[in-house]
Amino acid sequence: MKEKTVGFAMCGSFCTFKKTVPQIKALCDMGYSVIPIMSAAAYSTDTRFGAARDFINEIENICGEQIIHTITGAEPIGPKKLLDALVIAPCTGNTLGKMANGITDTSVTLAAKAHLRNSRPVIIAVSTNDALGAAAKNIGMLLNSKNIYFVPMKQDDCENKPNSIVADFSLIPETLETVLTKGEQPQPVLL
């Protein structure tokens with residue numbers, strides 16, 4: 001396999017970071033060159049799930065690259081054709097809504113827009129408490145969009161959070177491989 005460069009963008013679903021970071025390492029171990037990207041919230045917010053600086057250090061050490069975390073940092077992705085694919089994991093309901101409606105006011109949404117202009121794939125790993133509520137229409141719009149693919153997902157706590165869906169983050173590498181080699185949405189989308 002010719003070395004492929006993958007952008008890996010993280011949004012502020014902080015509770016999933018510890019499941020997401022190992023997938024960055026898995027992609028590096030598979031031979032991908034990974035360019036890390038974080039939304040401003042993901043890059044700067046300390047939460048009960050961990051300190052932002054700790055995640056930043058870990059991700060930069062895994063990738064050997066500095067994290068893109070500003071709009072100006074993300075802008076060259078399109079014109080310079082920096083990526084073969086872009087993974088957004090976790091992708092929040094907020095980011096889903098912005099992408100579905102063409103809003104590019106964060107480093108992650110601008111990275112997606114810049115990358116899509118080259119007709120290259122974006123792989124989304126959803127993590128939102130309102131996926132079966134307010135965000136459902138945005139997921140539907142994106143499922144029907146060219147060059148947008150989803151990591152298979154499922155309800156994560158149907159009794160306490162009946163509208164919540166989270167991707168199976170362990171399927172990120174497999175989803176990426178399927179998209180890059182076959183150009184197909186992995187099935188089933190809903191686990």
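Just the heavy atoms: all of them, side chains too, but no hydrogens, waters or symmetry mates, feed the values below.
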Checklist outcome for this item: Heavy-atom closest pair (Ile68 atom, Ala74 atom, distance to 0.1 Å) is CG2-N, 3.5 Å
Checklist outcome for this item: Nearest heavy-atom contact between Ala52 and Thr45 is CB-O, 3.5 Å
Checklist entry - Taking Tyr149 as the fixed residue, which of Ile123, Val87, Ile124 is the one that meets the side chain to side chain contact (heavy atoms under 4.5 Å, CB included) rule? => result Ile123
Checklist outcome for this item: Residue set satisfying side-chain contact (heavy atoms from CB on, under 4.5 Å) with Lys146, at least two apart, ordered chain then number -> none
Checklist outcome for this item: Going by chain and number, the hydrophobic cluster around Met141 (ILVMFWY, side chain to side chain under 4.5 Å) further includes none
Checklist entry - Among all residues two or more places apart in sequence or in another chain, which pass the side chain to side chain donor-acceptor pair (under 3.5 Å) test with Thr70? => result Thr72
Next on the checklist: Suppose clustering is done on Ile, Leu, Val, Met, Phe, Trp and Tyr with side-chain heavy atoms closer than 4.5 Å. Which residues sit in the same group as Leu110?
Outcome noted: Ile71
Item to check | Check: Ala131 main-chain N/O paired with Asn163 side-chain donor or acceptor under 3.5 Å | outcome: no
Checklist outcome for this item: Contacts of Thr181 meeting side chain to side chain donor-acceptor pair (under 3.5 Å) (sequence neighbours excluded), chain-then-number -> none
Checklist outcome for this item: Across all chains, not counting sequence neighbours, the side chain to side chain donor-acceptor pair (under 3.5 Å) partners of Thr175 are none
Next on the checklist: Applying salt bridge (Lys or Arg N to Asp or Glu O under 4.0 Å) as the test, list every pair that has at least one member in residues 13-28; sequence neighbours left out.
Outcome noted: Lys25-Asp29
Pair up each side-chain donor or acceptor in residues 164-173 with any protein partner under 3.5 Å, not counting sequence neighbours, and list the distances.
{"residue": "Ser164", "atom": "OG", "partner": "Asn129", "partner atom": "OD1", "Å": "3.2"}
{"residue": "Ser164", "atom": "OG", "partner": "Asp156", "partner atom": "OD1", "Å": "2.6"}
{"residue": "Asp168", "atom": "OD1", "partner": "Ser170", "partner atom": "N", "Å": "3.1"}
{"residue": "Asp168", "atom": "OD1", "partner": "Ser170", "partner atom": "OG", "Å": "2.5"}

Item to check | Residue pairs passing the salt bridge (Lys or Arg N to Asp or Glu O under 4.0 Å) test where at least one lies in residues 55-70, sequence neighbours excluded | outcome: none
Distance-only criterion, 3.5 Å: show the donor-acceptor pairs between side-chain atoms of residues 91-101 and protein atoms not counting sequence neighbours.
{"residue": "Thr92", "atom": "OG1", "partner": "Thr95", "partner atom": "N", "Å": "3.2"}
{"residue": "Thr92", "atom": "OG1", "partner": "Thr95", "partner atom": "OG1", "Å": "3.3"}
{"residue": "Lys98", "atom": "NZ", "partner": "Asp105", "partner atom": "OD1", "Å": "2.9"}
{"residue": "Lys98", "atom": "NZ", "partner": "Asp105", "partner atom": "OD2", "Å": "3.3"}
{"residue": "Asn101", "atom": "ND2", "partner": "Gly97", "partner atom": "O", "Å": "2.9"}

Item to check | Closest approach of Pro162 to Gln155 (non-hydrogen atoms, all atoms of both residues) | outcome: O-NE2, 2.9 Å
Checklist outcome for this item: Across all chains, not counting sequence neighbours, the side chain to side chain donor-acceptor pair (under 3.5 Å) partners of Arg53 are Asn57
Checklist entry - Which residues pass the ring-ring contact (aromatic ring centres under 6.0 Å, His included) test with Phe17, sequence neighbours left out? => result Phe14, Phe55
Checklist entry - Less than 4.5 Å apart, any side-chain heavy atom of Val21 and any of Ile59? => result yes
Next on the checklist: Looking at every heavy atom in both Ser39 and Ser107, which two are closest together, and how far apart are they?
Outcome noted: CA-OG, 3.5 Å
